[in-house]
Amino acid sequence: MKTVSAGGEVALEARGAPAARSGARRIALRRVWRFKWGVAAAAILMTIVGGAVCAPWLAPDNPLTVDIQHRLSPPVWMDGGTRTHILGTDQVGRDLLSRMIYGGRVSLIIGVAAVLVSSSIGVLLGLAAGYFNPRVDWTIMTLVNVMLTFPFVLLALAVIAVLGPSLVNMIIVLGIADLPLYARVIRAETLAIREREFVTAGRALGMSHWRIIFRQILPNLVSLIVVIATLQVARVIILESFLSFLGLGVQPPTPAWGNMLGEGRVYMLNSWWIAAFPGLAIFVTTLAINLMGNALRDWLDPHMKL
Amino acid sequence: MKRYAAHQLVQLVVVIVGISMLAFAILHVIGDPVLLLLPQNAGKDEYDRYHKLLGLDKPVYVQYWKFASRAVQGDFGKSWYTDTPAFTLVLQRMPPTLYLTTAGLVAALLIALPLGILAALKRHSFVDNLCTAIAVAGQAMPIFWLGIMLIIIFAVRLKTLPASGYGTWQHFLMPAFTLGAFLAPITMRLVRSGVIEIMNTEYIRTARAKGVAERTVVVKHAFRNACIPVITVLGLQFGQLLGGAIVTETVFAWPGVATLTVDSIRNQDFPVVQCAVVLLALIIVSVNFVVDLIVGVIDPRIRIGA
């Protein structure tokens with residue numbers, strides 16, 4: 001400060017109380033700023049989820065309405081694009097934007113449901129492998145390693161081909177495909193926590209295994225599980241859309257990003273938008289989920305080994 | 001070392017038996033091959049006759065034993081579709097897949113090594129942040145979409161590269177890059193963290209103190225040691241790489257095992273599916289075994305830990 005006047009001093013002191021409050025606000029803001037990408041990603045994700053939930057009110061058109069006269073019409077900013085179909089239409093004239101909004105439903109439902117399946121089974125396996133005797137551990141971990149070494153895309157393909165591609169089958173197969181990661185991470189953490197004092201104390205007090213596992217060990221793993229589950233939703237969405245892309249997942253005419261991309265591939269010579277936009281939707285969604293998951297990890301526990 | 005090798009070998013056998021059971025189950029437990037083979041209007045007599053002909057009236061373990069003992073000799077039965085042995089069909093398609101995997105691995109290293117090292121040396125700089133951003137985006141990218149976008153840009157628009165197929169080196173460019181983009185993000189992160197860790201060690205400080213040129217320090221001292229974790233993880237990621245190759249093959253109509261498998265699944269040609277699944281698993285498991293042994297030799301900590 002160059003000029004130190006009495007007035008200035010007084011003014012500074014008088015502003016003391018609000019300054020402290022704004023300081024707290026600044027700290028809070030800085031904390032938010034640290035997670036700016038995560039916050040932005042969460043906002044984008046909420047938009048996508050909101051769009052999927054409110055699809056009937058948001059979509060400009062019925063996703064199944066065929067308008068053969070306006071088939072393969074390009075997006076609005078290209079020559080020949082119309083304002084009635086902002087992102088253009090597909091090979092039978094269905095509105096692409098509406099199909100994209102509806103398509104999010106399938107991906108999100110399968111993504112979340114499959115992760116619920118895989119996390120619950122995977123966590124149980126991981127807890128059992130880490131907590132009980134080496135024989136249980138060996139059996140579970142060998143099973144998990146079998147699954148980890150094999151490209152599950154291939155097996156999921158084969159199983160879906162036999163079972164038939166219904167929504168429930170997709171959720172089960174993708175849920176099982178996704179389970180080894182949980183089992184592995186949770187096992188490693190359980191092995192470490194098992195040796196901690198509070199577990200020994202619990203055992204000395206005569207707690208049952210059941211109670212030690214679910215009341216003492218599991219609560220310590222919740223943030224880890226939440227972070228993995230968040231990140232895995234993205235992986236499942238990609239896997240699901242690949243299966244649908246091959247025509248072995250969600251069946252047309254139900255719009256799903258994967259099968260839209262697969263159908264659009266045939267027309268990519270002249271109508272690139274049919275394949276481009278659904279893929280972009282998958283990319284943005286998985287990117288948002290990954291960024292949010294990373295931010296969640298840093299926020300819950302910066303030392304998390306993941 | 002012998003004990004370690006034996007331990008790995010036991011796991012190898014278990015994995016192969018496990019995968020063969022899964023492949024067997026795909027057809028014999030989940031589905032009913034007779035229903036797939038017979039025309040829809042076939043009567044009960046016809047059904048029973050085929051049921052017996054395929055040996056499906058025997059207990060499951062007898063059927064599995066028959067399947068396994070034939071499979072060991074490379075006999076997976078004839079393709080239902082083309083009436084040639086499934087084994088021959090799969091073996092014919094193996095080389096393109098292996099070439100693609102190798103090309104993809106090379107592409108991934110060409111992307112990941114320079115970027116990873118650069119990011120590590122200029123830590124927290126703009127370059128580092130840019131590399132991290134690329135990695136995060138790359139991990140969220142559905143590679144089948146990336147492949148299609150490449151086709152639209154380079155084959156349809158610019159007409160510089162062939163859209164699909166196999167033969168010349170131009171055919172390799174887009175598939176190799178696509179597969180490389182799948183593997184590069186994780187490799188880059190590993191290289192970056194590996195180099196950062198090693199740049200802080202004492203022998204690097206010693207090398208610098210005795211006046212070794214910075215370039216030599218990075219190339220000879222840091223990079224070589226940073227390679228160990230990269231080799232380990234890449235080796236163990238071989239299954240994932242092959243999974244990525246499956247996706248890439250289907251996008252670029254690459255005449256490899258994956259397209260054969262997907263086509264066979266579409267045609268419900270299960271002997272071929274089973275054969276492909278088992279052979280791919282065999283390759284993955286053997287590669288993992290060799291990598292485990294190499295790593296065990298390079299890094300004694302791993303072999304003692306196991």
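Lettering follows sequence order; numbering is per chain, from 1. Because only heavy atoms are used, hydrogens play no part in the values below, and waters and symmetry mates are left out as well, while side chains stay in.
Proximity to chain B (any heavy atom under 4.5 Å) is shown, for Leu143(A), by neither the backbone nor the side chain. There is no contact between Trp37(A) and chain B, counting heavy-atom distances below 4.5 Å. Contacts between Thr261(B) and chain A at a heavy-atom distance below 4.5 Å involve the side chain alone, from C-beta outward. For Val251(B), the parts lying under 4.5 angstrom from a heavy atom of chain A are both the backbone and the side chain. Both the backbone and the side chain of Val247(B) come within contact range of chain A, each with at least one heavy atom under 4.5 Å from a heavy atom of that chain. In this structure, chain A has a heavy atom under 4.5 Å from the side chain of Val273(B), while its backbone stays farther away. Neither the backbone nor the side chain of Leu146(B) comes within contact range of chain A; no heavy atom of the residue lies under 4.5 Å from a heavy atom of that chain. Contact of Val10(B) with chain A is made through the side chain alone, with heavy-atom distances under 4.5 Å.
Contact tally against chain B (heavy-atom pairs below 4.5 Å) for Ser241(A), Gly247(A), Gly262(A), Gly264(A): the top residue is Ser241(A). Across Ile282(A), Asn290(A), Leu269(A), Leu246(A), the residue that shares the most heavy-atom pairs under 4.5 angstrom with chain B is Leu246(A). Heavy-atom pairs under 4.5 Å with chain B peak, among Ile238(A), Leu248(A), Asn294(A), at Ile238(A). In terms of non-hydrogen atom pairs under 4.5 Å with chain A, the most contact-rich of Leu280(B), Ile152(B), Ile16(B), Ile143(B) is Ile152(B). For the set Ala155(B), Ser264(B), Pro142(B), the count of heavy-atom pairs under 4.5 angstrom toward chain A peaks at Pro142(B).
Around the CZ atom of Arg189(B), the shell of radius 6.0 Å holds more than 12 heavy atoms that belong to other residues, nucleotides or ligands. When the shell of 6.0 Å around CD of Glu197(B) is examined, it contains 12 or fewer heavy atoms from other residues, nucleotides or ligands. Environment of OH in Tyr64(B): crowded, with over 12 heavy atoms of neighbouring residues, nucleotides or ligands closer than 6.0 Å. Around CH2 of Trp33(A), the count of heavy atoms belonging to other residues, nucleotides or ligands within 6.0 Å does not exceed 12.
Remark: Tyr102(A) pairs with no residue by the ring-ring contact (aromatic ring centres under 6.0 Å, His included) rule, at least two apart or across chains.
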Anything under 3.5 Å between a donor and an acceptor, one on a side chain of residues 270-281 of chain A, the other on a protein residue two or more places apart or in another chain? List them.
| residue | atom | partner | partner atom | Å |
| --- | --- | --- | --- | --- |
| Trp273(A) | NE1 | Ser73(A) | O | 3.3 |
| Trp273(A) | NE1 | Thr89(A) | O | 3.2 |

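How far CE of Met149(B) is from CE of Met268(A): 9.0 Å, rounded to the nearest 0.5 Å. Taking CD1 from Ile148(B) and CZ from Phe245(A), the interatomic distance works out to 4.0 Å, rounded to the nearest 0.5 Å. From Leu287(A), atom CG reaches atom CD of Gln139(B) across 10.5 Å, with rounding to the nearest 0.5 Å.
Here the closest heavy-atom approach between residue Trp145(B) and residue Phe283(A) is recorded as CZ3-CB, 4.0 Å.
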